[in-house]
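Working notes, structure below.
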Amino acid sequence: MGKVFRTGELKWRELFLGALCSVLPDLDVIGFVFGIENGDLWGHRGMTHSVLFAALVAGSLAALWCRGKPAAAMMGLFSYFFLCTASHGVLDVMTDGGLGVAFFSPLDTTRYFFPARPVLVSPIGISEFFTEYGVRVLVSEAAWIWLPSLAVFVLLSAIQHALRAKSR
């Protein structure tokens, strides 16, 4: 995501925060310890996977990071943090398990999936990754998420390189 937002505002600290934003929605699994069910507002893939949550996280981080900076810098960082956070839910709707993602929570708690769901659902819990199924999940994610992301990265890099060469 940082490659798309190539700007002077994105240093290593902001890139690291963007990476944290991309996994932040899954902190909702802590709710299982407190008896929160999957389908609840604060359940897994509920409120923390919503567009509102992504906007609140992005707005908070942009406001903290951009004090005294121009509005354009704040909007750029807001957009970056928002897309990093929201991308988690977008990837989750491509999985073959769970109840779906409540994108419009709390206004509408309907859970959504994409019509095509090629990505194997990731197990909850670290120990489950060290099984045959965990390996199949990693292969599935590599095929459907990492390789396409790499292709987009290479394409964007080539376009940016060509544009820089053309402007010289």
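Model, not experiment: these values are computed from the prediction. One-based numbering along the sequence shown.
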Joint cluster assignment, Trp12 & Leu64, ILVMFWY side-chain distance < 4.5 Å = yes
May I ask you to test the Tyr133-Val121 pair for a side-chain heavy-atom distance under 4.5 Å?
-> yes
Backbone N or O of Phe153 within a donor-acceptor pair of the Ser157 side chain at under 3.5 Å?
-> yes
Same cluster (ILVMFWY, side-chain, under 4.5 Å), Val90 and Val101 | yes
When rounded to the nearest 0.5 angstrom, what is the spacing between OG in Ser87 and CG in Asp92?
-> 9.5 Å
Would you call Ser50 and Phe104 a side-chain contact if the rule is heavy atoms closer than 4.5 Å?
-> no
Atom CG in Leu24, atom NE2 in His88: separation rounded to 0.5 Å?
-> 9.5 Å
Mind checking the SG-OH spacing from Cys21 to Tyr80? Nearest 0.5 Å is all I need.
-> 8.0 Å
May I ask whether Ile36 and Leu27 are part of the same hydrophobic cluster, defined by side-chain heavy atoms of I, L, V, M, F, W, Y residues being less than 4.5 angstrom apart, directly or through others?
-> no
Check Thr95, Leu91, Val119 against Glu141 for a side chain to side chain contact (heavy atoms under 4.5 Å, CB included) and give me the one that passes.
-> Val119
Please round to the nearest 0.5 Å and tell me the distance separating atom CH2 of Trp65 and atom CD of Glu14.
-> 7.0 Å
With sequence neighbours excluded, residues passing side chain to side chain contact (heavy atoms under 4.5 Å, CB included) with Ile159 = Leu155, Leu163
Are side-chain heavy atoms of Val51 and Phe82 found at a separation under 4.5 Å?
-> yes
Is there a donor-acceptor contact under 3.5 Å linking the side chains of Asn38 and His44?
-> no
Supply the atom-to-atom distance Ile30 CD1 to Trp42 CH2, rounded to the nearest 0.5 angstrom.
-> 12.0 Å
When rounded to the nearest 0.5 angstrom, what distance separates OG1 in Thr85 from CG in Leu61?
-> 7.5 Å
Are Arg13 and Phe16 in a cation-pi setup, meaning NZ or CZ lies under 6.0 angstrom from the ring centre and within 45 degrees of the ring axis?
-> no
Heavy atoms from other residues, nucleotides or ligands near CD1 of Ile126 exceed 12 (cutoff 6.0 Å) = no
Determine whether Leu138 and Val23 fall in the same hydrophobic cluster, where Ile, Leu, Val, Met, Phe, Trp and Tyr are linked whenever their side-chain heavy atoms lie under 4.5 Å apart.
-> no
Within a strict 4.5 Å, meaning less than it, do heavy atoms of the Met47 and Asp40 side chains meet?
-> no
Less than 4.5 Å apart, any side-chain heavy atom of Phe103 and any of Thr110?
-> no
